[in-house]
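Values in this document were obtained by computation on a predicted structure and should not be read as measured data. Convention: sequence-line order gives letters A, B, ...; per-chain numbering from 1.
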Amino acid sequence: MSTAPDTQKAPASRVRGPGLRWDTAVGVLLVAVLVVGLAGTEGFGSRENLAFAFNDIAEVALIALPMTLLVVAGQVDLSVASMLGLGSALTGALWEAGWAFETIVPVVLLVGVAGGLLNGWLVTRVGLPSLAVTIGTLALYRGLASVALGSDAVTDFPQAYADWAVDTTTVPGTFLTYPVLLFVVLAAVTAVVLHATGLGRSLFAIGSQEEAAYFSGVRVKRIKLLLFVVTGLFSAFAGVVFTLRYGSARADNGLGFEMLVIASVLLGGVDFDGGKGTLFGAVAGVLLIGVLKNLLTLNDVAGEVQVIVTGLLLVASVLTPRVVAGVVERRHRRAARTP
Amino acid sequence: SGTTKDSAGESGAKATGSAKADPDAPLKKGLKLAFLPKQINNPYEKILDEAGIAAAKEYGGTGKEVGPSDANASSQVSYINTLIQQRQDAILIAANDPNAVCGPLKQAMKKDIKVVAYDSDTAKDCRQLFINQAGSEQIGRSLVQHLAEQIGHKGKIAILSATQNATNQNTWIEYMKEELKLPAYKDMELVKVAYGDDADQKSFQQTQGLLQAYPDLKGIISPTTVGIAAAARYLGDSSYKGKVVLNGLGTPNQMRAYVKNGTVEQFSLWNPEELGYLASYAAAALASGQITGAEGETFTAGELGEYTVGKDGEVILGEPTVFDAKNIDRFDF
Amino acid sequence: MNQSSPGPDPDSGPDPDSGRGPAPVLALQGVSKSFGAVRALRDVSLRLFPGEAHALAGENGAGKSTLIKALAGVHRPDSGEVRLDGDPVVFHGPADARDAGIAVIYQEPTLFPDLSIAENIFMGRQPRRGGGRIDHRAVRATTAGLMRRLGVDLAPDRPARGLSIADQQIVEIAKALSFDARVLIMDEPTAALTGSETARLFSVVRALRAEGAAVLFVSHRLDEIFELCQRVTTLRDGRWVSSEPLEGLTEDDLVRRMVGRDLDGLYPKQDAEVGDVALSVHRLTREGVFHDVSFDVRRGEIVALAGLVGAGRTEVAQAVFGVDRPDAGEVKVAGAVLRPGSPTAAMAAGLALVPEDRRQRGLVMEMSIERNIGLTGLGSIRRRGLISRALEHDRAADWAVRLQLKYNRLADSVGVLSGGNQQKVVLAKWLATGPSVLIVDEPTRGIDVGTKAEVHRLLSALAADGLAVLMISSDLPEVLGMADRVLVMHEGRLAAEIPRAEATEESVMAAATGRTERSAA
Amino acid sequence: MTATVGTPPDTDAVRAPERSASSLVDAVFRAREISIAGALVLLVLGTWLANPRFLSDQGIKDLLLNASILVLLAVGQSAVVVTRNIDLSVGSVVGLSAFACGKFVAGTDHGVLTVMLLGVAIGVVCGLVSGALVSFGKVPALVVTLGMLYIIQGVDYWWARGEQISAADVPGAVLGLGSGSVLGVPYLPLIAVALLAATAYYLRSYRSGRELYAIGSSPEAARLAGIPIRRRVLAAYAFSGAVAGFAGALWLARFGTVVADNAHGWELTVVSAVVVGGVAITGGTGTVWGAALGALLLTTIGSALVVLKVDAFWQGAITGALLLLAISVDRVVNLRVTAALRKRSARHVHGA
Ligand SMILES: Nc1ncnc2c1ncn2[C@@H]1O[C@H](COP(=O)(O)OP(=O)(O)OP(=O)(O)O)[C@@H](O)[C@H]1O
Ligand SMILES: Nc1ncnc2c1ncn2[C@@H]1O[C@H](COP(=O)(O)OP(=O)(O)OP(=O)(O)O)[C@@H](O)[C@H]1O
Ligand SMILES: [Mg+2]
Ligand SMILES: [Mg+2]
């Protein structure tokens, strides 16, 4: 009886190897783009440009963190950009109504939590698919934003707060702006949660086989609810950052960002079917889209072409590992046939 | 929106303050101009920018058009940053949001890049000049006046605008409401402002909804080229043709058919080519030091002749043209 | 793959039938198949003759399912060939094999959950009317006929979603019977069935065989092999061991061929000291599924829950564990009332449930072996608040040894394990929680004789240590051999409670079929 | 989007009652479309009571015309969604096709048929590319079609560069298709209904149609059943693309004026129509009738809010809320009915 696993371990066990991992590929591509930019494009490497390039994707990056967790758990939240808009509109409306900024922020965050609760409640209690629910709340939250602020734009936010978000103020000695710094910290925390805690494990289990996870005692509903709440919270907070960064609170802020967030996360190799992905990949995906856009714009590549490049990148990012795996497998099979 | 809070803008002291204007300075050769429209695939903006780029060629400069493919406030910002890195001589911008673009534009002015707003203004301290197609007040009021005449100063009217946040639209609508408060319009009632988001299909559907919601509607003002064309098309095919008056801002090429078949009697617009042309020359004048953007300065805009900088750095192109069946065939844009 | 080695050839050497008349309808010749580093089949040969029922035996992971998939065109052999009527053929996919008249029942039911039973049976080959349109009425009528032939009452229009494993298996069988197969291949079709369905299946198979069809049959229940088949081929570790007539062979001979050594006592239930009531179920009801179910399980006791397929046993287990919410009644663990509808609360109270459907409910198929085993104990594999991969690995490795798990690496996904080994992982992940009450639903489904004995020994030892075990099993010998007490369910109600001494095949079956009233407790 | 095949943990939701109740179960499954239709009727009646013009000749005509293109797209999308895939590129395909057709006919007198064929051809090409990537490249549909969305959109914008084809340049015959009618019924809704009926019939009555459902329900089982998965999925994408391309040509006919970004962002609207209509995003269930009803419901909400004089700022929020309400009610009704059936069947069995 071959109980010992080692007797099974044929010497050829290394041949297949892990192949090219998707997230690694995106990471490599990111580094390549940075190197090309630094070497060949004037102005790309300047501190103010780098500060700008990263700060410019701060909100998308912030939302991408909880979105990664959601997608790993097999869910999706399309209402994030609308929640960003609602956060921004509320910030503006309350500021105009004379509230202190210190009270506005917690209130806006609470609204984010409430929005997340609604999403989560509809998904976990009513049992609707998250895609359907959040297409609905996408319209709802954006609509509420426009109810809150109408066609107004509120501008004059206090300088001290505005300074915190703009790309001209950086952490001394670096090109990191404060929103980006915050992102780095939160990304580290999220990475630990996803890859080194029981909660993270549960997310993968829920994402790949919800029923089996439930039968294993994983609190599927509670965890999903929590994820939607965190996503709502982050999105509302991104709304505050957005408002301060542009110094303009409007109901249509961040319109269409949901696709950008999802594209970045998917680009980083997080599987939309759930159960697979790394936070590193998602972060690399976000940064790649941001840096590439900056580099292409600097080189006067037309906006339309940039759109095409984004599309090609998405397709290539899923196709390349497939092709590589296919080649590796074919070679392996040939090796198996001819001893 | 009239807030009176401490303005984030106050610290941004006018970058123009110190420089001195030299009215006789020649236009510099080889100026690099960048046009940043609201959105690159908007046909109207396209006309402006192409005219501006052509103008730049006239005085030996180069122009290019860059910009986002969606009309979002935030999307313009990354382009401004890039233009700063590229050290353009002047940035011409049709702002999607007067404030969101402010920070980077101030950065640009600090780096001695001239900033000219055209078509849709930014906050006043974030640019040196605003090239206005016509006085905003005049546009708003005259549209109401024209429509009132067409419907005999009596009945319900509605407005079909672009997006809820479009600065120029909202300013014009403000003036329309002002005008409607005058006693002459006591029998007219503005029942609704609808938003077609400058999307053809949405504008179309909004028109349709307006007519169902207000069956006794007498007139529609659509101060946007996309909106008026969509509204005209709906009216032309529906049973409301001839019963509801449509006026607003449109381009002759889009509207020709509807004027000819009687759906629309008249509409107005300035010449967008001239607007782009003027903006281009104004930017060149700024970059060459002929003007600084202070009130009262003058410069020559090629074939269009001499222009004077007005209050708040505003330069007005002129009166809008009113198009109708008689004159429309003389225009092609 | 050493081509020159003289592979075992059933046409020569040990095969006593070599001089037989009719040509084999389907044969494998020197077939090898590897998955990465795992060599699932090495130079295996097999011949199937018309009119014979041929058993395929071997331990879990011996390569039986892989062999079947090679015959069915699912896997392409790395070397060797498949022969149909003596001529080499290459099946490019399952469709090719099907078109050649080979019907296959795979080990794991593969149904379309959203489609009706009738559609499931005829998918891809529905009878048609003019213009290529599907004749829906014929589809339904034929399905109803098949169900009658199998003696089950499943409505053709019912969606496959929600069918119990047994019913799914029956649909698979109906599917295989629905076309005139020359070869019928069945990979553990009876693993989820009780005696009566099995008997029904066998009579149908015998009829097919009488019409000249060849049958290949896999089962870990040796008595079934002897009952149905004439010849047997044994595999061990992917290698061919023997092909011979069953006549004259004993069960022990067969086990020795499979395992390579002798096994002792299959049902080694030791008498344990029976302690306090550990699990107490009181008047538990779930409308439409089961009613008024009350029983106790004491520490040290193994209580079996028997009954026909669909009697509601699985449902009771799920309601006790909290994955389903009962409509009435309560569950007490060690005297404390359990919060209904919460598996987490059940686990905290010391309950564990090894579910019947391992692919959907037992395991996360894409996750690795070690992570699956770790999933039930995320709290216990932590070091300084974070998951420790070393602890996780150790936990898994420990149980892999205890359950004789056959695997390549613990980091491989459980999906690549053989069916029986997957079942062991499910057991491992629950035993690792150190429960005080263990509910096992068909714990040895698809497990080979050797390991089955191992599992029985383990359950028995755990019970001796004070564990309370509630065992649902459709394997009557297992029930009779292991249980201290047998509870029998019939149509959603407890029909009888039979103490070990009185439990016989007859008494249990009588209660299960509703022929006796519940005996006074 | 979890790809599990079995019952989700809340087993009540999908649990079928006992065998004897199976025909009732069937009725419940069919009720999915009925509840959406009910919502639609309520909405229309309510609005009509508030403003009778909503159902005037012109009003009905507008409602039907508005829904036609979305209905078409929803039908195409359903064919893809039942295979457990998704096509996010439809909005871009409509945009590209509308612009290309516009460019093609501008200033010419090409016939209607030529234009429609051109639209379909463009759509088929786009659909084939997406479909080939999904089926042969075996890459996730969502990522690929999101990529295709960007690529097609980029090509379209790049080609158009702000150009606009105005109605004046489009031949009258083409515009006539968009505005004309037979016996008072406009052509567009007729076309949509014809395509809808044909697709529904095909999906129900042909092997290859049923196989689309099988693939979506369980790809693994489909493989073992010998279904040519790749070919079928490819065909579904080609169909969805063809319909989108066709819709683009109709867009030109209906609106006359086309720019590059027609139907920009419609992918989510189409997907919501399909989902509201009861086609499971996880594949395997749902009908094109449902999807079409979903599309009709969505456009009708939009029109009703305008007719009801709802403030423009509130329209978005109300649309969202109604959408959520529609899917929630549908879901809750379903759960209740199924649970009631389970209990009733119990009495039936045990009382016997
Ligand atoms: N797709 C696969 N990838 C990798 N390994 C596989 C795959 N399928 C089977 N194996 C391995 O091949 C070996 C034989 O498996 P197989 O399923 O044929 O066993 P079996 O005899 O059917 O066992 P059981 O009685 O448990 O069903 C096992 O070690 C298994 O892990
Ligand atoms: N997940 C489910 N969804 C719908 N019906 C189910 C489900 N599970 C079981 N049933 C049905 O409920 C009844 C009781 O089934 P249950 O599985 O509890 O019976 P069992 O006695 O455990 O038999 P089995 O040997 O099939 O496991 C059967 O009619 C079965 O078809
Ligand atoms: Mg097997
Ligand atoms: Mg059971």
For A/S46, the side-chain hydrogen bond (donor to acceptor under 3.5 Å, both in side chains) test, sequence neighbours excluded, returns B/Q85
Interatomic distance, CG@B/L83 vs OG1@A/T297, rounded to 0.5 Å, equals 9.5 Å
Taking every heavy atom of B/Q86 against every heavy atom of A/N299, the minimum-distance pair comes out as NE2-N, 4.4 Å
Considering all heavy atoms, the nearest B/A100-A/S248 contact | N-CB, 3.9 Å
What residues of residues 231-240 of chain A sit under 4.5 Å from chain B when you count only heavy atoms?
-> none
Proximal component of A/D163, with respect to chain B [non-hydrogen, under 4.5 Å] | neither
Roughly how far, to the nearest 0.5 Å, is OG1 of A/T243 from CG of B/N99?
-> 12.0 Å
Is chain B contacted by the side chain of A/D56, its backbone, both, or neither, given a heavy-atom distance below 4.5 Å?
-> side chain
What option among B/I40, B/D97, B/V77 has the most heavy-atom pairs under 4.5 Å with chain A?
-> B/D97
Extract all donor-acceptor atom pairs below 3.5 Å that involve side chains of residues 283-293 of chain A and protein atoms in other chains or at least two apart in sequence.
unit_1 : atom_1 : unit_2 : atom_2 : d
A/K293 : NZ     : B/S78  : OG     : 3.2

Given the options A/R245, A/Q306, A/E48, which has more heavy-atom pairs under 4.5 Å with chain B than any of the others?
-> A/E48
Please list all pairs passing the salt bridge (Lys or Arg N to Asp or Glu O under 4.0 Å) test where one or both residues lie in residues 304-316 of chain A, with sequence neighbours left out.
-> A/E304-D/R161
Proximal component of A/F44, with respect to chain B [non-hydrogen, under 4.5 Å] = neither
If you measure from CG on B/N81 to CG on A/L298, what distance do you get to the nearest 0.5 Å?
-> 7.0 Å
Proximity breakdown for B/Q107 and chain A, heavy-atom pairs closer than 4.5 Å | side chain
Per-residue contact mode, B/N96 against chain A (heavy atom under 4.5 angstrom) = backbone
